[in-house]
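Atoms within a ligand are numbered from 1 in the order they appear, just like the ligands themselves. The first residue of the sequence shown is numbered 1, and numbering continues consecutively from there. For clarity, every value in this text was computed on a predicted model and none was experimentally measured.
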Amino acid sequence: MDTPIALRNLPCTNIFHKGDVFVLFGELFGRGYANGLINEAKKSGMTIIGITVGRRDEHNALRALTPEELSEAEANLGGRIINVPLMAGFDLDAPSGEQTPTDLLAGMTLKSWQEDTLDWAHIEKCRDVGIERIKNSIAQVMEQLDEMIPDGSNAFFAHTMAGGIPKVKVFLAIANRIYKGRGERFMSSRALLDSDLGKLILMNFDEVTANTFQYLIEGSAAIRTRLEKTGGQVRYTAYGYHGTEILISGQYQWQTYSNYTQGRAKMRLEQIAVSAWDKNIKATVYNCPEIRTNSSDIFAGVELSLFPLLKALKQEQGGAWAEQQWQICQPLLLEDITLDTLLQKIEDYNTSAVMTDYRNFAAWPMDNSAALAELMIGTSDEIIQMHKNRTELVVGHLSALVLEGTGPLMFYETSHPAGPVLWLNHDIIAKQLNLMHNA
Ligand SMILES: NC(=O)c1ccc[n+]([C@@H]2O[C@H](COP(=O)([O-])OP(=O)(O)OC[C@H]3O[C@@H](n4cnc5c(N)ncnc54)[C@H](O)[C@@H]3O)[C@@H](O)[C@H]2O)c1
């Protein structure tokens with residue numbers, strides 16, 4: 001993508017109804033983005049089907065859910081779950097009896113990791129094993145799914161998978177420094193990317209965050225052909241991230257969280273949608289705003305771009321309902337702090353020289369820097385201090401609103417999607433929320 005392609009108009013057509021099937025390709029967590037889409041699918045009366053990534057036993061072997069885990073997950077989803085483990089990535093895969101990539105990383109220490117090297121020929125073999133495993137498992141899922149989707153109905157496949165950080169102690173310590181460290185504790189994201197450890201992590205991100213979308217599209221080809229032959233339609237969506245336009249100096253401007261280590265995998269995800277689109281398959285990656293979820297909590301400062309949504313709600317004619325959102329957020333702050341003070345701090349942050357330099361779409365995803373960490377993590381800390389309680393944050397409320405707004409935007413746009421990659425910026429999210437709540 002040379003420039004971000006924004007969704008500017010509220011979509012309003014819907015081809016999905018009762019009897020059609022919504023398939024969630026990833027697990028559902030409480031604050032996760034997928035809730036927005038699922039809510040819409042349920043409102044339209046669609047049948048909901050989910051998958052599981054499975055669980056690891058005490059020897060790290062991947063297993064299906066136990067009956068108790070399965071019924072809990074199905075109750076949480078509000079639909080049936082196909083119980084074949086779809087854990088992606090190859091961090092714990094290896095040819096039989098050989099070491100996994102995670103085993104290879106086990107010897108790395110905080111002192112040694114930048115010089116430690118990996119046996120790439122062996123890593124490639126592990127990756128091949130992982131790819132074969134997930135493709136076989138997807139084939140099994142599709143066999144079961146085929147029987148659950150009636151001829152002539154429409155199917156909506158929603159990909160939500162992202163991740164791939166290997167579970168090794170040394171990386172926890174490194175991640176804490178790269179994403180949360182400043183001053184003496186700052187660590188450069190470039191150091192990670194230049195190391196063998198970093199290169200392995202990026203490969204695993206590609207597998208989990210991007211390639212699974214490709215495997216989903218390929219694995220469901222027979223279902224797609226059958227449904228299309230019998231009068232149905234098939235759609236694919238995935239959640240991307242590639243920065244977001246937010247209000248800065250009174251105008252919607254593109255900005256990003258840096259360093260977004262998964263950025264290259266997210267661009268690969270976009271390319272997968274573009275290639276599918278070229279083959280007449282309707283696959284759309286929706287690049288979504290920064291919100292706080294289980295997956296994003298590690299990135300200190302990612303939430304700072306969320307605050308100007310409060311201004312966008314007013315700017316997009318949110319009226320009484322927008323005003324109400326301000327009133328919900330104000331009491332979360334200390335008595336002597338106003339939302340205006342907080343928003344001014346965010347405005348100063350966004351218009352600072354450091355942040356202005358980071359608004360470089362062509363150079364995305366840019367490395368972090370000591371100056372960025374100082375400013376971003378420092379501002380994040382200061383803003384948390386402005387709250388009465390660090391577990392009840394303004395961004396908690398705003399994250400829930402964004403998630404709610406993306407639901408109908410993605411759901412309706414996907415009926416007749418304008419293209420393979422679309423940005424959902426604060427303007428359209430605010431318009432959607434205002435429409436829903438002021439109707
Ligand atoms: N939170 C944000 O700020 C933000 C912004 C833009 C896009 N997104 C994207 O939205 C999607 C959902 O993320 P979320 O933030 O709602 O968090 P989430 O934690 O709710 O979702 C993460 C998803 O990834 C799946 N997953 C994790 N590791 C996996 C693995 N090894 N194999 C297979 N699946 C795996 C989980 O099952 C879950 O469905 C992701 O693609 C994420 O990158 C998030």
Side-chain angles (χ1 to χ4, degrees), residues 23-38 50-56 62 65 73 76-77 81 84-93 101-102 130-131 133-134 137-138 141 158-167 179 201 203-213 215-216 237-244 246 256-257 260-270 272-273 285-306 309 365 395-396 398-400 402-407 410 421-426 429:
V23 183
L24 184 67
F25 204 68
E27 291 194 358
L28 184 65
F29 299 124
R31 297 180 296 162
Y33 255 125
N35 289 282
L37 264 183
I38 291 211
I51 58 101
T52 176
V53 302
R55 299 290 176 266
R56 298 266 173 203
L62 198 53
L65 300 181
N76 177 42
L77 178 71
I81 285 177
V84 175
L86 288 189
M87 184 78 75
F90 57 94
D91 41 310
L92 283 165
D93 288 290
T102 302
I131 293 175
R133 172 183 58 74
I134 189 104
S137 302
I138 290 176
V141 167
H159 176 280
T160 170
M161 294 177 175
I165 293 180
K167 288 188 185 49
Y179 303 122
I201 291 175
M203 275 169 81
N204 211 36
F205 283 164
D206 275 350
E207 272 310 308
V208 179
T209 302
N211 295 352
T212 47
F213 195 42
Y215 306 152
L216 164 66
T237 64
Y239 293 91
Y241 177 69
H242 200 152
T244 309
I246 64 168
T256 179
Y257 168 81
Y260 184 60
T261 323
Q262 298 214 358
R264 302 226 164 264
K266 285 296 188 193
M267 288 200 280
R268 192 184 181 97
L269 180 74
E270 292 173 356
I272 290 170
V285 169
Y286 290 91
N287 287 328
C288 290
E290 305 78 359
I291 62 169
R292 293 202 58 183
T293 65
N294 289 2
S295 298
S296 67
D297 273 353
I298 182 174
F299 306 121
V302 71
E303 76 288 353
L304 294 174
S305 56
L306 200 43
L309 180 73
V395 283
L398 298 179
S399 295
V402 170
L403 184 162
E404 186 191 352
T406 55
M410 288 174 65
V421 186
L422 296 171
W423 269 254
L424 304 182
N425 297 314
H426 277 195
I429 304 252

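Among protein heavy atoms, atom 31 (N) of ligand 1 sits closest to Ala88 O, 3.2 Å. Among all non-hydrogen protein atoms, the one lying nearest atom 20 (O) of ligand 1 is Gly32 CA, 3.2 Å. Ranking protein heavy atoms by distance to atom 3 (O) of ligand 1, first place goes to Ile291 N, 2.8 Å. Scanning all protein heavy atoms for the shortest distance to atom 15 (O) of ligand 1 gives Thr293 OG1, 2.6 Å. Ranking protein heavy atoms by distance to atom 39 (O) of ligand 1, first place goes to Glu27 O, 2.7 Å.
Residue-ligand proximity, Val53 to ligand 1, at heavy-atom distances under 4.0 Å covers atoms 33 (C), 34 (N), 37 (O). Residue-ligand proximity, Val208 to ligand 1, at heavy-atom distances under 4.0 Å covers atoms 29 (C), 30 (C), 31 (N), 32 (N). Those atoms of ligand 1 that come under 4.0 Å of a heavy atom in Lys266, given as number and element, are 40 (C), 41 (O), 42 (C), 43 (O). For ligand 1 and Leu86, the ligand atoms under 4.0 Å from any heavy atom of the residue are 33 (C). For ligand 1 and Asn294, the ligand atoms under 4.0 Å from any heavy atom of the residue are 19 (O). Those atoms of ligand 1 with a heavy atom of Phe29 less than 4.0 angstrom away are 18 (P), 19 (O), 20 (O), 36 (C), 38 (C). Close approach to Gly240 involves these atoms of ligand 1, each under 4.0 Å from a residue heavy atom: 6 (C), 7 (C). Of all the atoms in ligand 1, the ones that sit under 4.0 Å from a non-hydrogen atom of Met161 are 24 (O), 25 (C), 33 (C), 34 (N), 41 (O).
Checking side-chain atoms of Thr406 against main-chain N and O of Leu403 turns up a donor-acceptor pair under 3.5 Å.
Contact record, Lys167 with Thr102: O-CG2, 3.9 Å, taken as the closest heavy-atom pair. Nearest heavy atom pair, residue Met410 against residue Leu424, reads CG-CD1, 3.8 Å. The two atoms that bring His159 and Thr209 nearest to each other are CE1-O, 3.6 Å, heavy atoms only. The two residues Ala73 and Leu65 have their closest heavy-atom pair at CB-CD1, 4.2 Å.
The option from Tyr241, Tyr33, Tyr257, Tyr239 that lies nearest to atom 44 (C) of ligand 1, judged by heavy atoms, is Tyr33. Remark: among candidates Ala210, Ser295, Ser305, the nearest residue to atom 21 (O) of ligand 1 is Ser295, based on non-hydrogen atoms. When the heavy atoms of Ala238, Ala162, Gly26 are ranked by distance to atom 26 (N) of ligand 1, first place goes to Ala162. For atom 13 (O) of ligand 1, the choice among Val285, Asn35, Thr212, Thr160 with the nearest heavy atom turns out to be Thr160.
The aromatic rings of Tyr179 and Phe299 sit perpendicular to each other, their planes meeting at more than 60°, with 30° as the lower class boundary.
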### Message
Run Leu37 and Tyr239 through side chain to side chain contact (heavy atoms under 4.5 Å, CB included) and show every step you take.
### Response
CA-CA 11 Å; Leu37 264 183; Tyr239 293 91; 3.4 Å; yes

### Message
As a quick check of understanding, evaluate side chain to side chain contact (heavy atoms under 4.5 Å, CB included) for Ile138 and Phe25, giving each step before the final call.
### Response
CA-CA 10 Å; Ile138 290 176; Phe25 204 68; 3.8 Å; yes

### Message
Quick one, Tyr241 with Thr256, criterion side chain to side chain contact (heavy atoms under 4.5 Å, CB included). Give me CA distance, side-chain angles, the key distance, then yes/no.
### Response
CA-CA 9 Å; Tyr241 177 69; Thr256 179; 3.5 Å; yes

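In this structure the side chain of Phe213 never reaches within 4.5 angstrom of the side chain of Arg268, judged on heavy atoms.
Side-chain atoms of Thr244 and Glu290 form a donor-acceptor pair, as typed in the model, at a separation below 3.5 Å.
Residue-environment remark: CZ (Arg31) exceeds the threshold of 12 foreign heavy atoms within 6.0 Å.
At under 3.5 Å, not a single nitrogen or oxygen of Gly163, backbone or side chain, sits near a nitrogen or oxygen of ligand 1.
Using a 4.0 angstrom heavy-atom cutoff, Pro289 counts as in contact with ligand 1.
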